[in-house]
Number of protein chains: 2
Amino acid sequence: MRPTIVDVAKRAGVCTVTASRVLNNHPNVREESRRKVLKAAEELGYIPHSAARSLRSGKTTAIGVVLPTLDDPFMAGVLAGVEEEAWQHGYFTIISQTRGAAYANEAEYVRFLTRGRVDGLILVTPRHEEEYILELERQRVPFVLADKNSSRPGVLSVTVDNFHGAYLATKHLLEMGHRAIGHLVGRPEIESSLQRLRGYQRALEEYGVEYRADLVKNGWFSREVARESVLAWLEGGNLPTAILACDDNVAFEVIAILTRHGLRVPDDVAVAGFDDDKMDTVFSPTLTSVNQRSMEVGREAVRLLLKAISREIGEERSIVIKPELMVRESTTRNRRGRSPYGQGPGLADP
Amino acid sequence: MRPTIVDVAKRAGVCTVTASRVLNNHPNVREESRRKVLKAAEELGYIPHSAARSLRSGKTTAIGVVLPTLDDPFMAGVLAGVEEEAWQHGYFTIISQTRGAAYANEAEYVRFLTRGRVDGLILVTPRHEEEYILELERQRVPFVLADKNSSRPGVLSVTVDNFHGAYLATKHLLEMGHRAIGHLVGRPEIESSLQRLRGYQRALEEYGVEYRADLVKNGWFSREVARESVLAWLEGGNLPTAILACDDNVAFEVIAILTRHGLRVPDDVAVAGFDDDKMDTVFSPTLTSVNQRSMEVGREAVRLLLKAISREIGEERSIVIKPELMVRESTTRNRRGRSPYGQGPGLADP
DNA sequence: ATGAAAGCGCTAACAG
DNA sequence: CTGTTAGCGCTTTCAT
């Protein structure tokens with residue numbers, strides 16, 4: 001049988017409470033006792049039982065993150081920030097991915113983690129809010145929403161200023177002289193996608209450029225969908241001179257399609273994306289993109305959550321991260337000419 | 001205070017045992033009792049306390065995955081497979097990333113999860129094995145190593161046949177007529193990288209091509225390191241006619257450097273990578289790559305782990321996943337000519 | 001089909 | 001500085 005704290009205490013010749021104190025770095029323990037307990041624990045290969053500890057103490061020293069997928073640069077960034085910040089504060093991070101709507105297991109994961117497994121939760125872009133946000137509130141489980149403004153007031157959240165991101169990118173395109181600027185929208189049911197659309201519209205307004213519905217099409221964070229949209233523009237003869245994609249993956253696809261149709265980026269059409277993916281600087285033209293500072297989102301979410309856990313929440317219930325625009329070749333005319341070595345590899349046919 | 005099972009039982013007018021039975025779908029409960037308990041639980045917003053449940057039952061219905069990073073297509077694939085398979089068997093998946101050697105928190109995460117949080121562990125490419133594998137064995141914690149053959153016999157593991165993957169790729173390059181084939185090695189301290197090196201060597205042997213030490217350089221899964229290696233070849237005048245990179249990220253970098261130096265891929269130098277990254281088919285030339293079937297790795301790891309948890313381990317203690325070679329343009333001479341629309345975007349200067 | 005009693009492993013509160 | 005007592009919330013006997 002695996003050793004318990006009783007075995008450790010027995011072996012060290014002290015009572016379990018003393019052993020517990022040593023194992024938890026409490027003060028007021030004689031040096032000799034401390035030594036003996038640690039030695040006994042070491043010899044027995046003792047590992048404390050988390051469940052027992054949590055049950056008694058009411059603490060888990062863990063925070064949970066629930067998100068739809070891990071195969072995404074934004075998510076990876078958030079998680080890196082969460083892990084780093086949590087670790088610094090002595091917390092472990094437990095991640096669960098719900099893998100999309102197919103399973104609809106999001107609520108189950110939240111419930112699973114909620115009681116006794118973590119001290120608080122970070123929900124990244126939750127889909128079926130309604131189902132369990134209320135429950136979390138009722139249970140008084142500390143939680144923070146990341147990358148989504150909750151409709152419920154008072155809910156803690158860290159969001160990227162998507163409006164501002166799209167605004168910056170669109171403004172940049174306007175300043176480069178573009179007037180027919182297309183936008184491939186992520187998903188109409190996702191709040192952040194709508195905010196980007198508004199940021200795009202605002203920039204147009206500011207420059208006195210009329211909003212054209214035919215220049216706004218579906219992007220859906222999907223290459224296939226984006227392809228259809230671009231093809232529709234091409235066939236309709238109303239191809240914009242600049243395109244703001246919903247993410248870099250889609251932006252790459254857009255560049256590929258345009259290139260295949262004999263158009264050059266950025267000379268004929270400028271293209272910008274979202275995410276500042278690490279691939280952005282590998283290929284030519286390098287991709288102009290909105291950096292959402294995802295690690296910062298993760299870090300702030302943890303800071304907010306830890307405050308909620310220790311019931312020190314102040315005024316600040318909603319943190320907004322300002323994205324940055326990374327201007328690169330895909331939107332910059334008169335780029336430093338072609339490579340002196342001739343044409344490099346282009347983009348692939350599908 | 002959050003409701004406990006006692007509250008639920010009281011409200012339903014039964015004892016806690018009956019409530020527990022209902023909540024755990026035990027048979028032998030009158031339909032009326034069942035109804036009453038479920039109603040009470042619903043009304044109170046009851047969520048069972050995981051820690052208490054685990055402490056008593058000795059089960060968690062959760063499996064843990066510990067891995068160094070999430071920002072990697074192989075890891076994302078493994079995790080997708082794990083989550084899918086585990087969910088099908090009624091298990092939750094808890095993931096922890098240790099974020100590299102910087103923290104050296106790998107062992108701490110393993111210990112943290114080990115007792116009372118999960119029923120078993122999947123360790124993906126563990127770095128500091130020695131530190132805790134022994135401990136896990138001693139504690140009789142079921143665990144499976146993924147993507148790494150343990151030095152200890154009897155340890156459960158799922159590995160990609162890296163030897164075979166590199167062998168397939170090298171053989172393909174040989175069949176395309178190449179004789180000076182370079183290899184950028186991942187990391188000499190990682191077993192899988194060494195296995196790939198051996199697979200590469202074996203293929204050369206089979207084709208009677210002599211192994212040249214000068215054609216094997218550092219890749220380190222790092223763009224910077226790969227760049228140095230390629231530059232060394234260029235300056236040394238011993239550039240191979242084909243290069244097998246340690247992963248797709250490095251392969252992209254290689255293509256970028258070669259292109260910048262006026263060389264064309266695959267016409268002057270063929271390039272292949274590992275991972276079958278989703279970017280492989282976006283850019284031209286599309287990238288030939290070894291698909292490691294990472295999802296399958298994850299699925300098999302779960303199957304093995306669940307057997308270990310239920311103590312039904314049979315003969316099969318070590319599963320080997322056969323990778324597949326995805327042949328694409330970057331290694332295929334006489335590719336279907338240039339795009340009829342002229343040169344597409346090339347690869348970027350750094 | 002239901003309940004009473006016991007205790008999983010640990011630590012907070014108190015007493016010494 | 002150390003120990004005794006109690007009990008976190010739940011499920012597993014074992015009895016009825």
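By convention in this document, chain letters (A, B, ...) are assigned in the order of the sequence lines, proteins followed by strands, and residues within each chain are numbered from 1. Computation of the quantities below employed the complete heavy-atom set of this structure, encompassing side-chain atoms and omitting hydrogens, waters and symmetry-equivalent molecules.
- When the nearest nucleotides of DNA chain C are assigned to A:R56 and B:T16 by heavy-atom distance, the more 5′-ward of the two goes with B:T16.
- The nearest whole Å value for the distance from the CZ atom in B:R30 to the P atom in C:dA1 is 9 Å.
- A close approach under 4.0 Å does not occur between any side-chain nitrogen or oxygen of B:T18 and OP1 or OP2 of C:dT2.
- Under a 4.0 Å N-O distance rule, the pair A:R293/A:E300 does not qualify as a salt bridge.
- Between the CG atom of B:N24 and the C1' atom of D:dG9 there is a distance of 13 Å, rounded to whole Å.
- For the residue pair B:E83 and B:Y91, no side-chain donor N or O sits within less than 3.5 Å of a side-chain acceptor on the partner.
- For A:H26 and D:dG3, the NE2 to C1' distance is 15 Å, given to the nearest whole Å.
- Remark: A:R53 is in phosphate contact with C:dT11, judged by side-chain N or O atoms under 4.0 Å from OP1 or OP2.
- For the pair A:L23 CG and C:dC10 P, the computed distance is 8 Å after rounding to whole Å.
- Across the protein-nucleic acid pair, B:E31 atom CD and C:dT2 atom P stand 10 Å apart, rounded to whole Å.
- Among the atoms of the strands shown, base atoms are found under 4.0 Å from some heavy atom of A:V17.
- With hydrogens and angles left out, the side-chain atoms of B:R117 and A:S50 include a donor and acceptor closer than 3.5 Å.
- Residue A:N28 has no polar side-chain atom (N or O) positioned under 4.0 Å from OP1 or OP2 of D:dT2.
- Position along DNA chain C of the nearest nucleotide to B:V14 versus A:P48 favours B:V14 as the more 5'-ward residue.
- Using cut-offs of 30° and 60° on the angle between ring planes, the pair B:F112 and A:F92 is parallel.
- Between A:R21 and C:dT11 there is no side-chain polar atom (N or O) within less than 4.0 angstrom of OP1 or OP2.
- In this entry the distance linking CZ of B:R2 with P of D:dC10 reads 11 Å, nearest Å.
- The side chain of B:C15 has C:dG3 as its nearest neighbour among C:dT11, D:dT11, C:dG3.
- A salt bridge links A:E296 and A:R299; the closest N-O separation between the charged side-chain nitrogens and carboxylate oxygens is under 4.0 Å.
- Remark: P of D:dT12 and CD1 of B:I5 are 11 Å apart, rounded to the nearest angstrom.
- A straight line from NE2 of A:H49 to C1' of D:dG9 spans 14 Å, rounded to a whole angstrom.
- Phosphate contact (OP1/OP2 of C:dT11, side-chain N/O of A:S20, threshold under 4.0 Å): present.
- Phosphate contact (OP1/OP2 of D:dC1, side-chain N/O of A:S33, threshold under 4.0 Å): absent.
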